[in-house]
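Step one of this worksheet: look at the structure below.
So you know, we letter chains A, B, ... as the sequences are listed, proteins then strands, and number each from 1.
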Amino acid sequence: MRLEALVRTSVGEALAGWGVPSALEIPVERTARPEHGDLSTRVAFVLSRTRGAPPPQIATELAARLADRSAFHAVEAAGGFVNFTLRPSAVRDVLRQILADGPRYGRRDEGQGKTVQVEFVSSNPTGPLTIGHLRQAALGDVAAALYAQLGWRCVREYYLNDEGRQMERLAQSLWARYRQALGHDEPVPEDGYHGAYLVAMGEELAQVWGDRCPRWDEAARTALRAEAVARMMTMIHEDLDAIGVRFDVWTKEGDLHRQGLVQATLAQLQQRGAVYEKDGAQWLSSTRHGLSRDPVLIRSDGTPTYTMVDIAYHLEKKRRGFNLVVNVQGADHVDEQRQVQLGLKLLGLPEGFVRYCLHQFVTLKGEEGIQRMSTRAGRFLRLKDLVAEVGRDVARYFMVMRKPGSHLVFDYDLARDTSMENPVYYVQYAHTRIASVFREAERTGEAPSDLLSVDLSALADRRELDMIKELDRFPDVVQAAAHEFAPHLLCEYLEGLSGMFHPYYAHVRILGQGPATAARLALFAGVRLVLSRGLEILGVSAPEAM
RNA sequence: GCGCCCGUAGCUCAGUUGGAUUAGAGCAGCGGCCUUCUAAGCCGCAGGCCGGGGGUUCGAUUCCUCCCGGGCGCGCCA
């Protein structure tokens, strides 16, 4: 049994004999200080209200009832807390269980086959992906991986907005570059896309097409648009490949229109009296429900806005049978999210159906200081180029190592650093060292044939037991990271575990230690398992050698 | 101006549903340590009115309020 469950069950049993309802949630925490034992409960504070006794008194009585349990070396009341010190054998049992679970360790079945759709990146095809999109790509991919750990079926989806005004500007920008390549003085529109990537494409078009599109007319629009989208998609796929993100479904905005979903959704909103007309446009009554403004759904020229299509899209997600939808989006979409959420609520969708993982932006800290990127201005670092520079593992890890809601300063120098000062290598190197020890153990014939039957009693050192207790936390970290969209918790956890492993490795000899050797190898196997499981979730490799 | 997010060591950041009279980590700084399974390392020291003022509580970095300082949004863009 896992340690928290051990304490929770024991306390629950003691309280049951006391007439406390079993439904009571018993808080169990890891202690911050060794003198407080390994785990503690503050349940006495909770009970003092209903039982009318002061917390210290309840804690003392509770501790007395638990003192003779075999798993605990000591159960002590301290103030209102009850502190538990585990017997080493109970800790070793945890390691044995982890090794028995193997690759299943950390997984749960809370999803029970339900399906979650994670929509992320969904960048307009107006240029290659940048380091800005990388954060979203990594967060979305890891969010899906985390849910998969909890037993959900995951669909990774990219919403492709290949229509609208931005595409128009892109096409016109490309056309200008194409004309320039033919020697004409055609300026890129001021609100167009100025990046160098269009220059090279314009030159290619000039070579292939010659003077085929001399004017910015309807024919040119159609041709340039198709050409631009195709070329942008090629770049985006290259960038996604570079960081190893694969999407299961690509949904095009055009498809939603063709299926009539937008009109149908609008009609539903109108039926519910949520839409009104003003200045020839259709508006959503949002302020009536506490939002800051009413957004236009249908423009006066009859075309739907992004918000309108987004509501229709989410209704479609519901129809497709997803139990949960997770949208990963940048902080600039807060207002949009509110509008969509409201629209869905008005359409009768359940409250928790859509969850947003909102993230702040990335700034790049390099030799030239901190810079703000802009795709339109052509000032950005392309994702593929970044990966070529620092590697996929570092690129991905750095993007999720901070809380999504916090701004992320990407330290280029640290990312390029291949020493263990780079947290990615610090964690990976722990894995590598263990692999190395096992290779050596194979060579010397000390590797146990069956780790599960190894006598673990030699694991009595505080550092060894602490490491096992840390391994015991892994499933909780995975669960918290998933529920709170907080993959950084996993990074911190892995760095912390590595931070326990490296000093131990440096000071404790593993091979040639008699019975202790097999026990320590079993411990290492547990650490290796958790490190590789954690890195797997993050989409980072766990190398055997570096 | 209004709304949302953020403000913790010199820097980048953690801090679990409020908890334990000593708030953590990694860099950077200072000082130690290599006959060993990779020193791509390990150990130690120093470093903080947790942006500021009020309030709630037995107890606040955590909750409420005001102020200061940053980010984002406030389009018939996406």
- Item | N/O (side chain, A/Arg299) to phosphate O (OP1/OP2, B/rC77) under 4.0 Å | yes
- Message: Does a side-chain N or O of A/His488 approach OP1 or OP2 of B/rG15 to a distance below 4.0 Å, or not?
- Response: yes
- Contact pattern, 5' to 3', of nucleotides 21-30 of chain B - B, S or - by protein heavy atom under 4.0 Å: -B----SS--
Taking any strand in view, what nucleotide pairs with [N] in a Watson-Crick or G-U wobble way, both distances under 3.5 Å?
N	result
B/rU22	none
B/rU56	none
B/rC72	B/rG3
B/rA39	none

No-H, no-angle donor-acceptor pair, [X] side chain to [N] base, under 3.5 Å:
X	N	result
A/Arg42	B/rU17	yes
A/Thr31	B/rA20	no
A/Asn83	B/rA20	yes

- Message: At 4.0 Å (heavy atoms only), tell me whether A/Arg433 reaches a base, stays on the sugar-phosphate, or touches nothing.
- Response: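 The residue A/Arg433 makes sugar-phosphate contact but no base contact.
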- Query: Using 30° and 60° as the class limits, which term best fits the ring planes of A/His502 and A/Tyr429: parallel, tilted or perpendicular?
  - Reply: parallel
- Taking the six-membered ring for Trp and the single ring otherwise, decide whether the centroids of A/Phe524 and A/Phe438 are under 6.0 Å apart.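 Judged by ring-centre distance (under 6.0 Å), A/Phe524 and A/Phe438 do not meet the cut-off.
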- How far does the P atom of B/rG15 sit from the matching atom of B/rC63, given to the nearest Å?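 One P to the other, the span is 12 Å.
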- Query: B/rG59 and B/rA14: how far apart are their C1' atoms, nearest whole angstrom?
  - Reply: 23 Å
- Query: A/Phe81 on top of B/rA20's base, within under 5.5 Å and under 30°?
  - Reply: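 Given the distance and angle limits, yes, they stack.
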Looking at [X] and [Y], does any basic side-chain N land under 4.0 Å from a carboxylate oxygen?
X	Y	value
A/Asp162	A/Arg225	no
A/Asp476	A/Arg2	yes
A/Arg299	A/Asp301	no

- Pairs in or reaching into residues 436-448 of chain A: which pass salt bridge (Lys or Arg N to Asp or Glu O under 4.0 Å), with residues at least two apart or in two chains? A/Glu440-A/Arg443
- Query: Just how far is it from atom CD of A/Glu29 to atom CD of A/Glu4, taken to the nearest 0.5 Å?
  - Reply: 8.5 Å
Distances for protein N/O vs nucleotides 3-11 of chain B N/O pairs under 3.5 angstrom?
residue	atom	partner	partner atom	Å
B/rC5	O2'	A/Gly405	O	3.3

- A/Tyr412 and A/Asp417, any side-chain heavy atoms less than 4.5 Å apart: no
- Message: Can you confirm if the NZ or CZ of A/Lys317 lies within 45° of the ring axis of A/Tyr313 and under 6.0 Å from the centre of its six-membered ring?
- Response: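 Pair A/Lys317/A/Tyr313 counts as cation-pi.
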